[in-house]
2 protein chains.
Amino acid sequence: MSELLPPQPVRTRRQHGAVRIEDVARAAGVSAITVSRALNKPDSVAEETRKLVWAAVDELGYIPNRLAGGLASSRTRTVAVVIPTITNSIFADKIQGMSDVFGAADYQLILANSGYSLGREADLVAALLAQRPSAIVLTGVTHEERAARMLGRAGVPVVETWNLRPSPIDMLVGFSNAEAAFAMVAHLHHCGYRRIGFVSAPVADNDRAADRLAGYRRAVAEFDLADRPGLAREAHFTLANGAAAFREILSAHPDVEAIFFANDVLAAGGALEARRRGMRIPADIGIAGFDDVDLAQEFVPALTTVRIPRYEIGATAARMILARLDDPETDAPPVADLGFEVVQRQSTRPAPSP
Amino acid sequence: MSELLPPQPVRTRRQHGAVRIEDVARAAGVSAITVSRALNKPDSVAEETRKLVWAAVDELGYIPNRLAGGLASSRTRTVAVVIPTITNSIFADKIQGMSDVFGAADYQLILANSGYSLGREADLVAALLAQRPSAIVLTGVTHEERAARMLGRAGVPVVETWNLRPSPIDMLVGFSNAEAAFAMVAHLHHCGYRRIGFVSAPVADNDRAADRLAGYRRAVAEFDLADRPGLAREAHFTLANGAAAFREILSAHPDVEAIFFANDVLAAGGALEARRRGMRIPADIGIAGFDDVDLAQEFVPALTTVRIPRYEIGATAARMILARLDDPETDAPPVADLGFEVVQRQSTRPAPSP
DNA sequence: ACCACCGATGATAGCGCTAACATCGCTTAA
DNA sequence: TTAAGCGATGTTAGCGCTATCATCGGTGGT
């Protein structure tokens, strides 16, 4: 009986006013697929046709629907990025690096911050994969097992950043936080310091902080430095917390010679506290930081610190992803150790001349 | 002749391995639409069915495809955000505010930075609208005409931030940059300063900077302050540029009494340069900043500055958007002036006691 | 006994785009 | 002359989901 039914009423869910590819096609006197090609693969369309299409696009103010395009093609030109927090400028630099490289390639960033929680990270991975990004970039190399599982099955390029590990999920761009912290303590030792305090970032759910602490401890053991309770403590990166940690270490160990802070903001906070107390840097106490942010260089006295490739981590991750997406078969090395550099400035006394 | 064709071979474009809603439906013994409802409107499904579905989702590791969902429903739970640069922490705070509010509501942020270029902003608006976001948030209140046109036609909530204007495109959250700068100069005047320099951020394509400069100029005129060429200049926000601007103003006008910097980073750079030259603050020169970032409070001497609602701008914008999306008919005021506050600290001399 | 009503579930038809294949006119080699 | 080859364009059929309407038992009022 179905062939006897009258024509169904036209039913549509379309948004009023939204210009679709079909409208452009009609205006240009071509088919929808030709419009699609003119926009996405201009070389595959005759020049004259291309101009017609572009004119129609302009005239109608057509903005392609990338949801539909992504669904049809399974390519979204979208990259998901998880960082611990955006309020730490080191991650802002990394994002800038990614933004510069991806922006030039017409990719969009979807950003989420985990608040230094691996549980939240795993939740975000699920939410982000739901957007079917072309790739995903994580901060750190430790993850909940469910996060790793989802990433493994998702079949998209994954880049872990900011640290090293033997067997990354997929690709990796970073440097050795453990070696970097060790190198700074070795440097301070070389400069004659023997009682060196350490202010760590909270190590829970943070492999970078944990590795820096481990590097410090290994150096303390190796160089036979003072190793007393309370010489190492933990503080979340703010100037105020750096100042507080400085006070605590100094009150527990008045004879401390230098304090190595796990980041420059803490170090600057410590140095400002020293100034408030009328202590001279480095005459009365040495201060070392980590990250080499802008402030470290401009600070008075300029901070001895560890320079890390913040921007380059982002830019390199982006380049690795683009290379992989352009040619999935490429066997470019999926791991980049970008290194670090101990920078001696005025906040610690110099190495003895030979 | 078509009815004589043999059955076509099965042709599919599906990604291998991707779990679809249909797979979950089969595993749970229900239809696809019921799975959709169990995930998106759990109340509309019987409890027993819901449990079945959730179990199947878990077992299969199903991650919904939001491209498809968004295409079908025209709701993406995605918000596009344009900022000038992510490396300025004031915008990081705003993003954190948005991230906190939107994260709790299960919305994702798509972030893009314009590099303080309105042309680039317009390009980004097009690229971002192509993702069909649920809303879009801009920084500043001046835009290229084509950007405004696209936004007007897009039919999504638009929030302009960080400044005020009489007729926003749609919604607006900010404060008066002109009034804030005026208020700081008025404050300095009240404290006895008469020769006040000003270091502006580059005003090109930046209405916030332009308005701060205008506020300074209006105050200079109104209070009959020194108004000499070279007393106001422009510098991009870095510590080094703040130091350079300090040097230039001081060499052109050795008798300058105070310098008002359009942001705290510049101010700190200026203050550090003063210290390098052995000048005392505020005895030899007053330093005022803008933004009240962390550094301003912890700096020695602590910086007199203008506190602006950085985090709250983001959080409020997010709340306004969610309110609008929940109820498009709501007539909640689409404009929020969040104000500012002049904060007197140690880097300028105090007001005379009455 | 009847029916309007309601909660739960399902069948169907798109959403706007692009992959895959088909077609068409023209050139070039045999 | 003819067929193979190629560039440009078109037709068709999804991509994976949800809006819409249909269906189907039970409930309760009359």
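Below, read A as the first sequence line, B as the second, and so on, with proteins coming before strands; counting in each chain starts at 1.
Counting only heavy atoms from C-beta on, A:Arg20 has its side chain closest to C:dG16 among D:dA19, C:dT18, C:dG16. For B:Ser31, the listed nucleotide lying nearest its side chain is C:dA11; candidates were C:dA11, C:dA19, C:dC17.
Taking only distance into account, the side chain of A:Arg132 never meets the base of D:dG16 through a donor-acceptor pair shorter than 3.5 Å.
Rounded to whole angstrom, the span from the CD atom of A:Gln131 across to the C1' atom of D:dG16 amounts to 14 Å. For B:Arg37 and C:dA11, the CZ to P distance is 11 Å, given to the nearest whole Å. Distance B:Glu48 CD to C:dG7 C1': 15 Å, rounded to the nearest Å. Spacing between atom CG of B:Asp43 and atom C1' of C:dC6 amounts to 16 Å, rounded to whole angstrom units. Regarding B:Glu22, its CD atom lies at a distance of 13 Å from the P atom of D:dT18, rounded to whole Å. Across the protein-nucleic acid pair, A:Ile21 atom CD1 and C:dC17 atom C1' stand 6 Å apart, rounded to whole Å. The interatomic distance linking B:Ile33 (CD1) with D:dA19 (C1') rounds to 8 Å, in whole Å. Atom CG of A:Leu39 is separated from atom C1' of C:dG16 by 13 Å (rounded to the nearest Å).
In this structure, A:Arg75 places its CZ atom where only 12 or fewer heavy-atom neighbours from other residues, nucleotides or ligands lie under 6.0 Å away.
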| task | Given side chain to side chain contact (heavy atoms under 4.5 Å, CB included), test B:Thr142 with B:Arg165 step by step and report yes or no. | result | CA-CA 9 Å; B:Thr142 58; B:Arg165 70 183 281 206; over 6 Å; no
| A:Leu109 and B:Ile110: side chain to side chain contact (heavy atoms under 4.5 Å, CB included), yes or no, with the steps? | CA-CA 6 Å; A:Leu109 294 186; B:Ile110 303 181; over 6 Å; no
| said: Quick one, A:Val79 with A:Gln108, criterion side chain to side chain contact (heavy atoms under 4.5 Å, CB included). Give me CA distance, side-chain angles, the key distance, then yes/no. | reply: CA-CA 6 Å; A:Val79 175; A:Gln108 300 296 327; over 6 Å; no
| task | Give the C-alpha distance, both sets of side-chain angles, the deciding distance and a yes or no for salt bridge (Lys or Arg N to Asp or Glu O under 4.0 Å) between B:Arg120 and B:Asp123. | result | CA-CA 5 Å; B:Arg120 173 101 179 113; B:Asp123 292 343; 5.1 Å; no
| request: Kindly indicate, with the supporting measurements, whether the criterion salt bridge (Lys or Arg N to Asp or Glu O under 4.0 Å) is fulfilled by A:Arg20 and A:Glu22. | output: CA-CA 5 Å; A:Arg20 295 157 0 227; A:Glu22 188 59 51; 5.5 Å; no
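OP1 or OP2 of C:dA19 sits under 4.0 Å from a side-chain N or O of A:Lys41. Phosphate contact (OP1/OP2 of D:dC15, side-chain N/O of A:Ser73, threshold under 4.0 Å): absent. Note on A:Ser36: a side-chain N or O is less than 4.0 Å away from OP1 or OP2 of C:dT18.
Neither side chain, B:Ser117 nor B:Ser114, offers a donor N or O lying under 3.5 Å from an acceptor on the other. Using a 3.5 Å distance cut-off with no hydrogens or angles, the side chains of A:Ser99 and B:Asn113 do pair a donor with an acceptor. Side-chain contact of A:Lys94 with A:Thr139: a donor-acceptor pair under 3.5 Å is present, judged by distance alone.
Distance check, rounded to the nearest 0.5 Å: CD of B:Gln96 to OG1 of A:Thr85 gives 4.5 Å. Distance check: B:Arg149 CZ to B:Ile169 CD1 gives 12.0 Å after rounding to the nearest 0.5 Å.
Rounded to 10 degrees, the angle separating the terminal helix axes of the helix from C:dA1-D:dT30 to C:dA30-D:dT1, each built from five base pairs, is 40°.
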| Nucleotide-resolved protein contact map, nucleotides 22-27 of chain D, B/S/- at heavy-atom distance under 4.0 Å | ------
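For residues 49-72 of chain B, proximity to DNA chain C is found at B:Thr49, B:Leu71, B:Ala72, defined as any non-hydrogen atom under 4.0 angstrom from a strand atom.
In terms of position along DNA chain C, the nucleotide closest to B:Ala32 lies nearer the 5' end than the nucleotide closest to the other residue of the pair B:Ala32 and A:Arg75.
For the pair B:Pro166 and B:Pro168, the tightest heavy-atom approach, listed with the atom from each and the gap, is O-CD, 3.3 Å.
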